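Here is the structure we will look at, set down as structure tokens.
Just so it is clear, the model here is predicted, and its values are computed rather than measured. The sequence lines fix the lettering, A, B, ..., with proteins before strands; numbering per chain opens at 1.
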4 protein chains.
Amino acid sequence: MASLNKVMIIGNVGGDPEMRFTPAGHPVTSFSVATNRTINTQGAEPKKETEWFNVVAWEKLAEQCNQFLAKGRLVYVEGRLQTRSWDGQDGQKHYKTEVIANRVMPLDKRQTAVGEIATGAEATGEISPDDIPF
Amino acid sequence: MASLNKVMIIGNVGGDPEMRFTPAGHPVTSFSVATNRTINTQGAEPKKETEWFNVVAWEKLAEQCNQFLAKGRLVYVEGRLQTRSWDGQDGQKHYKTEVIANRVMPLDKRQTAVGEIATGAEATGEISPDDIPF
Amino acid sequence: MASLNKVMIIGNVGGDPEMRFTPAGHPVTSFSVATNRTINTQGAEPKKETEWFNVVAWEKLAEQCNQFLAKGRLVYVEGRLQTRSWDGQDGQKHYKTEVIANRVMPLDKRQTAVGEIATGAEATGEISPDDIPF
Amino acid sequence: MASLNKVMIIGNVGGDPEMRFTPAGHPVTSFSVATNRTINTQGAEPKKETEWFNVVAWEKLAEQCNQFLAKGRLVYVEGRLQTRSWDGQDGQKHYKTEVIANRVMPLDKRQTAVGEIATGAEATGEISPDDIPF
DNA sequence: TTTT
DNA sequence: TTTT
């Protein structure tokens, strides 16, 4: 029963966020974040490895992400990991792992007044667990 | 360039860990960890949602995980997320997201003397980036 | 403006928690947590170093801590650091650093049914910022 | 024995870092970091609360902090908490809590080429536990 | 003041 | 595939 599922990333937003609404009217915003890691291949030149995260925000946080984030911005994202699975046309299982955000915070000074974007609580899919459009 | 990619989980080991060796002789241990979340569907009875993580440990940490972990144990795992992709037989992209561990710590008292399992540094794939068997 | 202040500890509760109430009736529970670190003094035998944390919980989380925690239990605590200062009788500044908890989770199986203790949000001093009794 | 002692902060450096050397020649750099929290006093205007952290870095990380950080820069700091105590002239116990950093990462673009500052391992006082000048 |  |  004792459980922790926490992800913390700092990286650059890969594209402008996209906001949609569930049938029940809950806003959901998704965007990607790239994190980079430098691998010291001793000998050769250091190699860069990029890891992409799919981030999903719900409710008020979804609206703030949609309003304040944009392609290229540096952000801090905190949340939990969630893997969804489905069957492909070929009968194979497919998996997609996403970060369900409970805090998103721009770290650069670009654009509009931003301030801190944060949900008090995990304003997430819990609210509408079987109501997710994508 | 500024980047953070951190995962922290506390959960139960889903099965006995499996250790393999890369062609170059590096030990790699993998195991699954389940985290549970209780969703308060206001009205009906609370629903349980289980999230499964695939954890991979390298080198000395791999050996310690193999030696001390076992199905059912409660563990703390810290690491970074890594998604690998490949093309299925049907031409579709497949993805698998794993936690590359840099710290694993049993939290229960079961079994042998355990102590703390921790790599000093991220003793991971960096060491043998193009040497991964699975 | 962009800010993160996060502490995560796993350790043993040093004594039974103590719950008090602010003049305005808000419950506050405090307890200590010990974390241990093993220092490898290369050569001599490894040395143990204990770090003590003062943890403070508010509102519903305060009540849960008071009810379920006890001396010796293993807990996970997440929160933010807060340092309070005051002037000693001698005119010197004194400081006390505490962890204001927003999540507390027992990790052992001792005692009563425990389940997960967690505030949805940071149910902390924000609620009664100028209302703190100790 | 199972223990976690982790602090993660994002904030602004309060002053230029200061590097010293232990008698044994180990570099130690210290600097302060301010994190801000906005308290919504429902009713009145939101209040700002600043929390100051004393950060200490050792060895190679100390040199990098000394070289790349400066007053005002936005940084991510990860480390562990350590409280030192001593007796005041008045016989009272005094306490100072510090963050012993194992990772420091500038988040803004100011100044020189910065890149990522990170120790592979916790390059900390372990190395010279009884060798600390301040 | 905890724990192994 | 775990745990309570």
Side-chain angles (χ1 to χ4, degrees), chain A residues 1-5 83 85 93 95, chain B residues 9-18 29-39 45-55 65 68-77 96 98-99 104-118, chain C residues 9-18 29-39 45-55 65 68-77 96 98-99 104-118, chain D residues 1-5 83 85 93 95:
Chain A
M1 286 289 288
S3 263
L4 177 71
N5 173 350
T83 298
S85 70
K93 245 337 188 231
Y95 297 93
Chain B
I9 57 181
I10 293 176
N12 294 96
V13 176
D16 288 335
E18 292 180 20
T29 297
S30 50
F31 56 97
S32 62
V33 173
T35 65
N36 297 297
R37 208 164 62 94
T38 305
I39 302 175
E45 78 281 22
K47 226 177 73 185
K48 193 185 97 173
E49 212 176 80
T50 298
E51 197 60 42
W52 285 97
F53 292 82
N54 300 300
V55 181
C65 288
F68 295 120
L69 297 186
K71 182 175 178 172
R73 293 207 72 178
L74 185 68
V75 280
Y76 168 79
V77 176
K96 185 172 193 191
E98 295 164 320
V99 177
V104 175
M105 187 169 70
L107 295 173
D108 51 22
K109 289 176 175 159
R110 239 187 280 182
Q111 287 151 297
T112 35
V114 175
E116 185 183 322
I117 304 179
Chain C
I9 57 180
I10 293 175
N12 295 96
V13 177
D16 289 335
E18 293 179 21
T29 297
S30 49
F31 56 96
S32 62
V33 173
T35 64
N36 298 297
R37 208 164 61 94
T38 304
I39 302 175
E45 76 281 24
K47 228 177 72 184
K48 193 185 98 172
E49 213 176 79
T50 298
E51 197 61 42
W52 286 97
F53 293 82
N54 300 300
V55 181
C65 288
F68 294 121
L69 296 187
K71 183 175 177 172
R73 292 207 72 177
L74 185 68
V75 279
Y76 168 80
V77 176
K96 185 172 194 192
E98 295 165 320
V99 176
V104 175
M105 186 169 69
L107 295 174
D108 51 21
K109 288 176 176 162
R110 246 190 274 181
Q111 286 151 301
T112 34
V114 175
E116 186 183 321
I117 304 178
Chain D
M1 286 291 288
S3 262
L4 178 71
N5 172 350
T83 298
S85 70
K93 259 298 195 263
Y95 296 93

Stacking check C:Trp52 vs E:dT2 (5.5 Å / 30 deg): no
Calculate the interatomic distance between B:Leu107 atom CG and E:dT4 atom C1'; express it in whole Å. 14 Å
Using only heavy-atom distances, decide whether a donor-acceptor pair under 3.5 angstrom links the side-chain of C:Lys48 to the base of E:dT3. yes
How close do A:Ala2 and C:Leu107 get, heavy atom to heavy atom, and via which atoms? CB-CD2, 3.8 Å
Nearest-nucleotide pick for B:Asn12, side chain only, options being E:dT2, F:dT1, F:dT2: F:dT2
Does a donor on one side chain and an acceptor on the other come within less than 3.5 Å for B:Asn54 and B:Ser32? no
What is the nucleic acid contact for B:Gly11, judged by heavy atoms within less than 4.0 Å: base, sugar-phosphate only, or nothing? nothing
Report yes if a donor N or O on one partner sits less than 3.5 Å from an acceptor N or O on the other, where the partners are the side chain of C:Thr35 and the base of E:dT2; otherwise report no. no
d(CD1, B:Ile9; C1', F:dT2) in whole Å: 12 Å
Think B:Lys109 has a side-chain N or O under 4.0 angstrom from the OP1 or OP2 of E:dT4? yes
Whole-Å distance separating the CZ atom of B:Arg37 from the P atom of F:dT4: 21 Å
Rounded to the nearest Å, what distance is computed from the CE atom of residue C:Met105 to the P atom of nucleotide F:dT4? 14 Å
Do you know which two heavy atoms are closest between B:Asp108 and B:Gly72, and how far apart they sit? OD2-O, 4.4 Å
Can you tell me how far C1' of F:dT2 sits from CD of B:Glu51, to the nearest Å? 13 Å
Just the rounded figure in Å: distance from P of F:dT1 to OH of A:Tyr95. 12 Å
Length of the NZ-P vector between B:Lys71 and F:dT3, whole Å: 7 Å
For the OG1 atom of C:Thr35 and the CD atom of C:Glu49, what is their distance to the nearest 0.5 Å? 9.5 Å
Nearest 0.5 Å, please: how far is CE in B:Met105 from CG in B:Leu74? 9.5 Å
Could you check how far CZ of B:Phe53 sits from P of F:dT2, rounded to whole Å? 17 Å
